[in-house]
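Working notes, structure below.
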Amino acid sequence: MSNKFYITTTLPYVNAAPHIGFALEIVQADVLARYASLRGREVVFNTGTDEHGLKIYRKAIEEGKDPQAYVDEYAAKFERLKNALNVSYTNFVRTTDPHHIKAAQDFWTRCEKAGDIYKKFYSVKYCVGCELEKTDSELVEGRCPVHPNLELEAIEEENYFFRFSKYQQPLLHLYSEHPDFVVPDYRLTEIKNFVSGGLQDFSISRLKEKMPWGIPVPGDDKHVMYVWFDALINYISTLGWPENQKKFEEFWGTAGHPNALQIAGKDNLRQQSAIWQAMLLSAGVPTSRQVLIHGFITSEGEKMSKSLGNVVDPFVIVDKYGTDALRYWLTREMPTFNDGDFTIERFEESYNASLANGLGNLVSRIMKMASANGVGLDWEKADEGLNWETEGYAEYLETAQIQQAAEIIWREARKADQYIQEKEPFKVIKTDPEKAKKDILILLGELWTIGRLLEPFLPETSARIINAIKDNHEISQPLFPRISS
RNA sequence: GUCAGGGUAGCUCAACGGUGGAGCAGCGCUUUCAUAAGGCGACGGCUGUGGGUUCGAAUCCCACCCCUGACACCA
């Protein structure tokens, strides 16, 4: 295993406030990144913002702002997530960064040299009522759903196309060479089926006169790149590609030793595991090592939507319950790869059961017994007895089974509660203090393990536990105050 | 419509050919170190429906019903 660890989230598009779905993605990535770092690997953890394209351009114009000023505001909002969720990303790339723009143009030139970019007339459907171009998926029975009485017009436009079709076999080869290229496996099956069904070339540019908010196509000032062609390139531009080849290869990897881990939602499966990989192959850049696909968070059993009024705002949850409470829910309650449902009732229920009554209370009772009886752990040596393999914890995190790994920690906490009940050191201390102190020491060691294993998941809580053990003080403020209803 | 995944205790899920399990919630008993927390226990399921294979099926096969996702230019 390489000593360098690279993980990247997808870049959220900045036309709306940060969504809880993205909070899930970035927290999952954070758990894996923090774990890698704990185990001594050098980590690049990348995230950022996707800032080009028609939707942003329109929104900026609507608000009477310069597009750059508009995206500056939004990029700042996304950086607030770093504090709210306590995520440890090392790189924050904005697709309007000059270096990214240069890298995207360089990438384009390489694909062009490979013979994979060509010009073609392309017919777009246009609704005169909306004054907008429409894609097939937006149409209902071949008509604009807003103006079903109007005929759609066909507009011919010359665009640059990417020769995606050329990469059908190379992609299928990639998937069969690396059966864990996409995790979970049923997502790999899904993408295999898609690619096997045949690939069509697609448009990767827009006419500048219609939509100027994009990266200029090298050598043709009439076109800008279509937004996601440029956005995907952030995963490598963030590493200093193409200038900094050394750092790039260390973290991104090489053709023989791919090292890049990507994480994305199920709606991004195709972009990440097929389109982006084909682009890399075209430009002669190594492919990723693995793409992790997570599910969606529903709310009250429904898709979140403004009209239903069931949108869960991560900032609101954090303000009310705390950062680690949300991180707990996202990592232990939420299935790592499948959809999960959020309701405030169940959130509070699991908070009380596992954080207040479970973990928090356990820390209080052990620290009280330890400090009251002067039993301290030789913490400088405590890590020697720390077993990362506890119940498969390390194995789970190395295979991104985040929920399973979290489960181990709470199982250990339960065992500690049972141990207290069985040994009753609080009672035995009156009759056989030596024996009781021995048990309290064992409990402190177990609490140390719990605190350490907790670090990737709930970094702040982990630090509070570790510090309490180091200073041997009782817990004055509960780690997680119980929520009473 | 086609393809994929799924329908198991009130809820979230595990068992994937051999006597249906866990956590949470609710119920009973119980300890006092602790955040009125902890521990123990009982209750709780014709495993979507109907057939079939088998000594034996939640587990394999067929049909049907229901849910979810994908079926390309949405970022």
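Remember, it's a predicted structure, so these values are computed and weren't measured experimentally. The chains referred to below are lettered A, B, ... by the order of the sequence lines, with proteins before strands, and numbering in each begins at 1. No hydrogens, no waters, no symmetry mates; every other heavy atom, side chains included, goes into these values.
With rounding to whole Å, A:Leu188 atom CG is found 13 Å from B:A4 atom C1'. One interatomic measurement links the two molecules: CD of A:Gln404 to P of B:U12, which rounds to 18 Å at whole-angstrom precision. Rounded to whole Å, atom P of B:C3 lies 18 Å from atom CZ of A:Phe194. The interatomic distance linking A:Gln401 (CD) with B:A14 (C1') rounds to 14 Å, in whole Å. The interatomic distance linking A:Glu407 (CD) with B:A14 (P) rounds to 12 Å, in whole Å. Atom P of nucleotide B:C11 and atom CE of A:Met334 are separated by 19 Å, given to the nearest angstrom. For the pair A:Glu333 CD and B:U12 C1', the interatomic distance rounds to 8 Å; values are reported in whole Å. One interatomic measurement links the two molecules: NZ of A:Lys266 to P of B:G5, which rounds to 15 Å at whole-angstrom precision.
In the displayed structure, A:Lys438 atom NZ is contacted under 6.0 Å by at most 12 heavy atoms of other residues, nucleotides or ligands.
Comparing the C1' positions of B:G23 and B:U19 gives an interatomic distance of 23 Å, to the nearest angstrom. Separation of the C1' atoms belonging to B:U30 and B:G18 is 38 Å when rounded to the nearest angstrom. Here, B:U68 and B:G10 have their P atoms 22 Å apart, quoted to the whole Å. Look at the C1' atom in both B:C24 and B:C43: the space between them is 16 Å, to the nearest Å. Of the P atoms belonging to B:G56 and B:G1, the separation is 36 Å, rounded to the nearest Å. Taking atom P in both B:G39 and B:G26, one finds a spacing of 15 Å when rounded to whole Å. Rounded to a whole angstrom, the distance from the C1' atom of B:U54 to that of B:G7 is 25 Å. Separation of the P atoms belonging to B:A25 and B:A58 is 30 Å when rounded to the nearest angstrom.
A:Asp341 comes within 4.0 angstrom of nothing in the nucleic acid, heavy atoms only. Residue contacts for A:Thr189: at a heavy-atom cut-off of 4.0 Å it reaches no nucleic acid atom on any strand shown. No engagement by A:Gly265 is indicated, since no non-hydrogen atom pair under 4.0 Å with the nucleic acid exists. Within the nucleic acid shown, A:Ile429 has no heavy atom closer than 4.0 Å to any nucleic acid atom. In this structure, A:Gln200 reaches the bases: a heavy-atom distance under 4.0 Å links it to at least one base atom across the strands shown. As judged by a 4.0 angstrom heavy-atom cut-off over every strand, A:Tyr226 is placed among residues touching the sugar-phosphate backbone only. As judged by a 4.0 angstrom heavy-atom cut-off over every strand, A:Gln271 is placed among the base-contacting residues.
Using Watson-Crick or G-U wobble geometry with both donor-acceptor distances under 3.5 Å, B:U49 finds its partner in B:A63. Pairing for B:G44 is absent, judged as Watson-Crick or G-U wobble with the two contacts each under 3.5 Å. Nucleotide B:C29 forms a pair with B:G39, judged by Watson-Crick or G-U wobble geometry with both contacts under 3.5 Å. Searching all strands for a Watson-Crick or G-U wobble partner of B:U68 with both distances below 3.5 Å returns B:A4. Pair check for B:C13 finds B:G21; Watson-Crick or G-U wobble, both atom distances under 3.5 Å.
With the nearest nucleotide of RNA chain B identified for both A:Gly340 and A:Glu349, A:Gly340 has the one nearer the 5' end. Both A:Arg332 and A:Gln403 lie close to RNA chain B; mapped to their nearest nucleotides by heavy-atom distance, the more 5′-ward contact belongs to A:Gln403.
A:Thr336 and A:Gln401 share no side-chain donor-acceptor pair at under 3.5 Å. Side chain to side chain, A:Asp230 and A:His100 meet the donor-acceptor criterion of an N or O pair below 3.5 Å. A donor-acceptor pair shorter than 3.5 Å can be found between the side chains of A:Thr238 and A:Asn91. Side chains of A:Asp341 and A:Thr298: a donor-acceptor N/O pair is present below 3.5 angstrom, by distance only. Judged by distance alone, the side chains of A:Tyr396 and A:Glu391 never bring a donor and an acceptor atom under 3.5 Å apart.
A salt bridge links A:Glu73 to A:Lys65: one of the charged nitrogens lies within less than 4.0 Å of a carboxylate oxygen.
Ring geometry, A:Phe181 versus A:Tyr175: the interplanar angle falls from 30° to 60°, so the pair is classed tilted.
Distances were taken from every side-chain heavy atom of A:Arg346 (C-beta onward) to each of B:G69, B:C11, B:A25; the shortest belongs to B:C11.
Between A:Arg270 and B:C71 there is a side-chain polar atom (N or O) within less than 4.0 angstrom of OP1 or OP2.
Centroid-to-centroid, the aromatic rings of A:Phe78 and A:Tyr74 stay 6.0 Å apart or farther. A:Phe457 has its ring centre no less than 6.0 Å from the ring centre of A:Trp410.
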Worksheet item: What string of B, S and - do you get for nucleotides 32-38 of chain B, 5' to 3', if B is base contact, S is sugar-phosphate-only contact and - is no contact with any protein heavy atom under 4.0 Å?
Response: SBBB-SB

